[in-house]
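In what follows, a single structure is set out as structure tokens and then discussed.
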Amino acid sequence: MSTITIIGAPHSNFVRVVRMACHEKGVGYELEIARPHSPSVTAASLTGKIPAMRHGAVVLCETRAICGYIDAMFPGPKLIPTEPVAAAYCEQWMSLVTTHIDSILLRQYLIGYFFPGTPDGSPDRVKIDAALPKLPGVFAMLENELMAHHYLGGDTFTLADIMLFPLVTFLPRGPESAELLKASPHLQAWFDRINARPSAVATVPPPMPKR
Ligand SMILES: N[C@@H](CCC(=O)N[C@@H](CS)C(=O)NCC(=O)O)C(=O)O
């Protein structure tokens with residue numbers, strides 16, 4: 001069967017999730033580097049967001065759907081548990097990452113540092129300050145879970161851990177999130193465990209391009 005093509009930019013946390021899933025499964029892929037809403041992305045992604053994926057006649061967008069396809073289609077370790085309770089916890093955490101945690105930590109908070117859009121390029125304090133009160137709750141949610149379990153949703157590594165990991169790599173780049181991470185020893189220990197996996201090592205993004 002044809003090779004999987006992942007379409008997107010290597011700096012995107014969600015593109016890295018799909019790449020890590022391929023590495024964990026032992027599935028080869030090619031990365032077609034493209035920005036959101038560029039022609040090659042809009043040809044494959046219903047929203048123009050990245051990642052998108054092509055595999056033969058199968059064209060998909062949405063990280064969870066792409067990873068679910070890869071997990072079901074190929075042999076190798078199951079990334080989404082088959083046992084119903086474990087599967088439900090995995091789904092719960094994946095949903096929390098994509099709808100809640102990513103929204104607050106990246107789209108509402110870190111974006112104010114990464115892409116401020118201010119005339120002089122200084123951090124967007126209005127955006128950042130509006131997000132700050134929401135940060136402790138997100139860190140507490142993760143710290144409590146990882147105090148109780150070795151991985152998100154249980155004691156087995158799953159796609160939920162992959163879903164969160166690339167986002168956590170960004171946290172040291174915001175001063176407030178860096179402090180909260182330092183104060184979250186279980187989250188930090190979880191991060192170190194995932195960061196040592198070959199799938200994480202193989203997908204480290206290149207330095208951010210100058211804007
Ligand atoms: N729900 C999508 C979200 C993907 C997403 O937000 N990708 C970002 C890059 S990390 C993007 O394409 N942003 C451009 C935009 O929001 O227009 C998924 O799970 O794949």
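Remember, it's 1-based here, ligands and their atoms both numbered in the order they're listed. Worth knowing before you read on, the calculation uses all heavy atoms, side chains too, and leaves out hydrogens, waters and symmetry mates.
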Would you indicate which of V18, I50, V15 comes nearest to atom 7 (N) of ligand 1 when only heavy atoms are counted? I50
Does any N or O of ligand 1 fall below 3.5 Å from an N or O anywhere on T98, backbone included? no
So, does P51 sit close enough to ligand 1 that a heavy atom of it is under 4.0 Å from the ligand? yes
Give the atom numbers and elements of ligand 1 that come within less than 4.0 Å of a heavy atom of N13. 10 (S)
Would you say the ring centers of Y89 and H149 fall short of 6.0 Å from each other? no
Just how far is it from atom CG of L180 to atom CG of L135, taken to the nearest 0.5 Å? 6.0 Å
Identify, for atom 14 (C) of ligand 1, the protein heavy atom at the shortest distance, and state residue, atom and that distance. P36 CB, 3.7 Å
Centroid separation F74 to H55 less than 6.0 Å: yes
Distance under 6.0 Å and angle within 45° of ring axis: R16 vs F165: no
Shortest reach to atom 19 (O) of ligand 1 by a heavy atom, considering only I66, V97, T63: T63
Atom 16 (O) of ligand 1: of H37, K49, R107, the nearest heavy atom sits on K49
Test: R19 cationic atom under 6.0 Å from Y29 six-membered ring centre, within 45° of axis: no
Backbone or side chain, does any N or O of E62 fall under 3.5 Å from an N or O of ligand 1? yes
Any nitrogen or oxygen of R64 lying under 3.5 Å from a nitrogen or oxygen in ligand 1? Just yes or no. no
Flag for S199-E24: side-chain donor and acceptor within less than 3.5 Å: yes
Could you tell me the separation between the OG1 atom of T158 and the CH2 atom of W93, rounded to the nearest 0.5 Å? 11.0 Å
Identify the protein heavy atom lying closest to atom 10 (S) of ligand 1, giving its residue, its atom name and the separation to 0.1 Å. S12 OG, 3.1 Å
